[in-house]
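The block underneath contains the structure these notes are about, expressed in structure tokens.
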4 protein chains.
Amino acid sequence: MVAVAEPKRADARRNRARLLAAAEIVLAERGTGAPTEQIAKAAKVGIGTLFRHFPTKESLLKAVLAERMRRFAEAAGEHAEAEDPGSAFFAFLAQWVEMAAVKNAYADALAEVPRVDREVREGVLHSLGILLTRAQEAGAVRHDVGVREVIALMVGTSRAAEHLGEDAALRRRTVEIVFDGLRTRPAPGAGASR
Amino acid sequence: MVAVAEPKRADARRNRARLLAAAEIVLAERGTGAPTEQIAKAAKVGIGTLFRHFPTKESLLKAVLAERMRRFAEAAGEHAEAEDPGSAFFAFLAQWVEMAAVKNAYADALAEVPRVDREVREGVLHSLGILLTRAQEAGAVRHDVGVREVIALMVGTSRAAEHLGEDAALRRRTVEIVFDGLRTRPAPGAGASR
Amino acid sequence: MVAVAEPKRADARRNRARLLAAAEIVLAERGTGAPTEQIAKAAKVGIGTLFRHFPTKESLLKAVLAERMRRFAEAAGEHAEAEDPGSAFFAFLAQWVEMAAVKNAYADALAEVPRVDREVREGVLHSLGILLTRAQEAGAVRHDVGVREVIALMVGTSRAAEHLGEDAALRRRTVEIVFDGLRTRPAPGAGASR
Amino acid sequence: MVAVAEPKRADARRNRARLLAAAEIVLAERGTGAPTEQIAKAAKVGIGTLFRHFPTKESLLKAVLAERMRRFAEAAGEHAEAEDPGSAFFAFLAQWVEMAAVKNAYADALAEVPRVDREVREGVLHSLGILLTRAQEAGAVRHDVGVREVIALMVGTSRAAEHLGEDAALRRRTVEIVFDGLRTRPAPGAGASR
DNA sequence: CATGAATGAGGCTTCATTCAT
DNA sequence: CATGAATGAAGCCTCATTCAT
């Protein structure tokens, strides 16, 4: 799936992969503003080759994003197979947030979900949907949240964590607050305010 | 406080204000990358004037940020005087998040708290600190959170809300989850998981 | 002489003088490229005042030049009254060159002689002419050189000295070579080559 | 020597040469302040190309300078092989000064000797050193001058000649004075004055 | 008259994209 | 196909000069 006309020749395919990998790194470090030439250099490829594979910087950015999401979906899928769905759900969230806190690129990726190609987006929603549903069925997560809320919260919590920087304890405490909000309400009466 | 040597002449002061206002708008719309020239044009001022008031683009960005924070601190201060500290606290958060969702610039501002001039930063921490403490004393907010966590959560929740875009109901639900995490735990035994 | 419509009011005249003095210093240090504003600041005068007195940067530069030449002519005049015309001539040259080596602005001034207002130029040629003639009459300087050659050599030697920088001994040796060229040829037969 | 990593591709090498040539001309005419864009235009090359070859205006200026010095050293080398070392020495000086009088850029080049890359500088000092030494051995030039004095005098005399402008006879007479200063003193007793 | 804020042309440099080799 | 040189629009900033205060 996600065919996108893979090039035939072996070296071409390899160059594409190298470019994607290099872009992943460079963009994560220098941000979207990083010059294409630097990406090409990191990939040990001529700038011309970069533009052959991705006719526009924009298109390269999108490809990197899609790649990140694919990994996100994959990771969600793996966690969905765990024994304890509740722990798996929170573990997945915690892990992703932690990664995003270090490499804000991950948060960016998730934030772009609505803008990415349908195919990729569906994959993400699907995988995460399974993980979430199981956690809810296991009674670990409140039932009035859906995948979109979870993604939004992951995006937000990543930013929050990123914002807190070095202090790991502070970061964990903050994340835990959001998690507490996601958990099944222990007692009755607490319902939404406002 | 935060005087920054206001220029004496009337036209100069007016132009500075116009530039700040124009920058506020343009930067909110186009992001930090917006050309200085566009800001100058929006302020109906020559580019030279912009650079006379803010010798560097960087310095203009910082000034805009500081201005936003000043407004944030002011708003927090006003809410701190409300009768019901609990409601006031959450109302303030909700309002800010809602604003930030529309104008992501507000989220940016908060996210930059650590990098802003000490004076401005102190103002923000102080105002929000009072608001938070009162809400905690009123039993509306759990006691194991501090100002920094709250700011981080505001940053994050703003991003989350921003990410959710149009759908107001969805946005409110998501925000509510975070708020629930912040509230005093209704029953015992619920402590941190993980 | 050199009237140039001196302003009437006392403070105006004082400002003009201050500007000229400031320009002298700043231009000598930073070169012709120095911003007018810096000159105004050095003169403790608003930029507007500078442009009131000198409607153009160009005109300020010319005024500074003229001023330098006036001093040059004056100095030449003083040396022309010395007892030993030969020594006086070389002493004058050496002194000027030494000054020019430190402050290349002096060399510039001389170099601009042909472009300066006639009145000023005449003054320079006249004063130096007297000094030269006396030295020649005293048998210290060869008779086949005129004022223009001397000025050209002063310009050149200043540059040479300036070029040599710190090393005072080297500088003196080099200057001495030119002076030797200027002196009356000791023996016959040696005439010009080429 | 002085390789400087010549680019491989033919067009690149050609453009670099064109840029250098254009810069040589434009800088000679308009001085160091000439806009880079004009140089690019003169070279019939996009401004981007100029900055690809010379990442900084500064670096272009240095390259032009180095090129001039290379030519200077080469010319000196050629003259050093002449039969009559004395005439060759003065002929070389006269020729250079004459060139410099027309194109003041040549004088500039020499004046920058101390600031240029060691390699280039050494080349200049070496070539001129040989020429000078031979002329001294042939008894045509006084023994108490070294290469640095000669360069300084060339710089200075060039300026002097340049300053004199059109009048060729006057120029020649002036240059001759310096040359006389450089020649072996014909009779005894002439020692340094001052 | 003095002041200094306003102006905008112009300078240097970067970078996405095209194209000859 | 790969390469990297060429291109020029666009960005940030400087500075001589004008003009309202």
Side-chain angles (χ1 to χ4, degrees), chain A residues 7-12 15 33-41 44-60, chain B residues 7-16 19 33-41 43-58 60, chain C residues 7-12 15 33-41 44-60, chain D residues 7-16 19 33-41 43-58 60:
Chain A
K8 277 85 194 178
R9 277 174 52 172
D11 57 343
N15 277 341
T36 49
E37 190 135 14
Q38 189 170 332
I39 295 174
K41 191 165 292 171
K44 300 197 172 175
V45 150
I47 182 69
T49 302
L50 186 154
F51 275 91
R52 164 168 293 275
H53 286 284
F54 305 95
T56 279
K57 186 178 188 182
E58 176 71 19
S59 72
L60 172 58
Chain B
K8 274 86 191 180
R9 265 169 61 171
D11 56 347
R13 210 160 47 230
R14 205 197 51 211
N15 278 338
R16 191 179 196 281
L19 278 165
T36 48
E37 193 140 9
Q38 188 170 332
I39 295 174
K41 196 163 291 171
K44 301 201 171 174
V45 149
I47 184 66
T49 301
L50 186 155
F51 278 96
R52 163 174 275 270
H53 286 282
F54 306 95
T56 283
K57 185 178 187 181
E58 174 73 17
L60 172 58
Chain C
K8 279 85 193 175
R9 277 173 52 173
D11 56 344
N15 277 339
T36 48
E37 190 135 14
Q38 190 168 332
I39 295 173
K41 190 165 294 171
K44 300 198 172 174
V45 150
I47 183 68
T49 302
L50 185 154
F51 276 91
R52 164 167 294 276
H53 285 284
F54 306 94
T56 279
K57 185 178 189 183
E58 175 71 18
S59 73
L60 172 58
Chain D
K8 274 85 189 180
R9 268 170 60 171
D11 55 348
R13 212 161 44 230
R14 206 199 49 211
N15 278 338
R16 190 178 197 281
L19 278 165
T36 48
E37 193 138 12
Q38 188 170 333
I39 295 174
K41 195 163 291 173
K44 302 203 170 172
V45 149
I47 185 67
T49 302
L50 185 155
F51 277 94
R52 164 173 274 270
H53 286 283
F54 306 95
T56 281
K57 185 178 186 182
E58 174 74 17
L60 172 58

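All figures in this text were calculated on a predicted structure; none of them were measured in a lab. The basis for the numbers below is simple: all heavy atoms, side chains too, and nothing from hydrogens, waters or symmetry mates.
The side chain of A:His53 places no N or O atom within less than 4.0 Å of a non-bridging phosphate oxygen (OP1 or OP2) of F:dC1. Considering only side-chain N and O atoms, C:Asn15 lies under 4.0 angstrom from the phosphate OP1 or OP2 of E:dA2.
Each of A:Asn15, A:Leu60, A:Val45 was compared with A:His53 under the side chain to side chain contact (heavy atoms under 4.5 Å, CB included) criterion, and only A:Asn15 meets it.
In this structure, the CG atom of B:Leu60 is 15 Å from the P atom of F:dG11, given to the nearest Å. Going from atom NZ of B:Lys44 over to atom P of E:dT7 covers 13 Å, rounded to whole Å. Remark: P of E:dC12 and CZ of D:Phe54 are 15 Å apart, rounded to the nearest angstrom. The separation between D:Arg13 atom CZ and F:dA6 atom P is 12 Å, rounded to whole Å. Atom pair C:Ile39:CD1 and F:dC15:C1' shows a separation of 12 Å (rounding to whole Å applied).
For the pair A:Val45 and C:Gly33, nearest-nucleotide mapping onto DNA chain F gives the more 5' position to A:Val45. Across the interface with DNA chain E, nearest-nucleotide mapping of B:Gly46 and C:Arg52 shows C:Arg52 to be the residue nearer the 5′ end. Each of D:Leu50 and C:Ala34 was matched to the nucleotide of DNA chain F holding its nearest heavy atom; the match closer to the 5' end belongs to D:Leu50.
Looking at the side chain of A:Ala12, the nearest of the listed nucleotides E:dA6, F:dC1, F:dA16 is F:dC1. Side-chain proximity of C:Thr49 to the nucleotides E:dT3, F:dT3, F:dC12 is greatest for E:dT3.
Pairs of Watson-Crick or G-U wobble type, with distances under 3.5 Å, assemble into runs of 3 or more in DNA chain F at these ranges: E:2-21 with F:2-21.
With C1' as the reference atom, F:dT21 and E:dC1 are 13 Å apart, rounded to whole Å.
Rounded to the nearest 0.5 Å, atoms OG1 (B:Thr36) and NZ (B:Lys41) are 10.5 Å apart.
B:Phe51 and B:Lys57 get closest at one heavy-atom pair: CE2-N, 4.2 Å.
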Using a cutoff of under 3.5 Å, can you pull out all pairs of nitrogen or oxygen atoms linking the protein to nucleotides 17-21 of chain E, with atom names and distances?
residue	atom	partner	partner atom	Å
E:dT17	OP2	A:Lys57	N	2.8

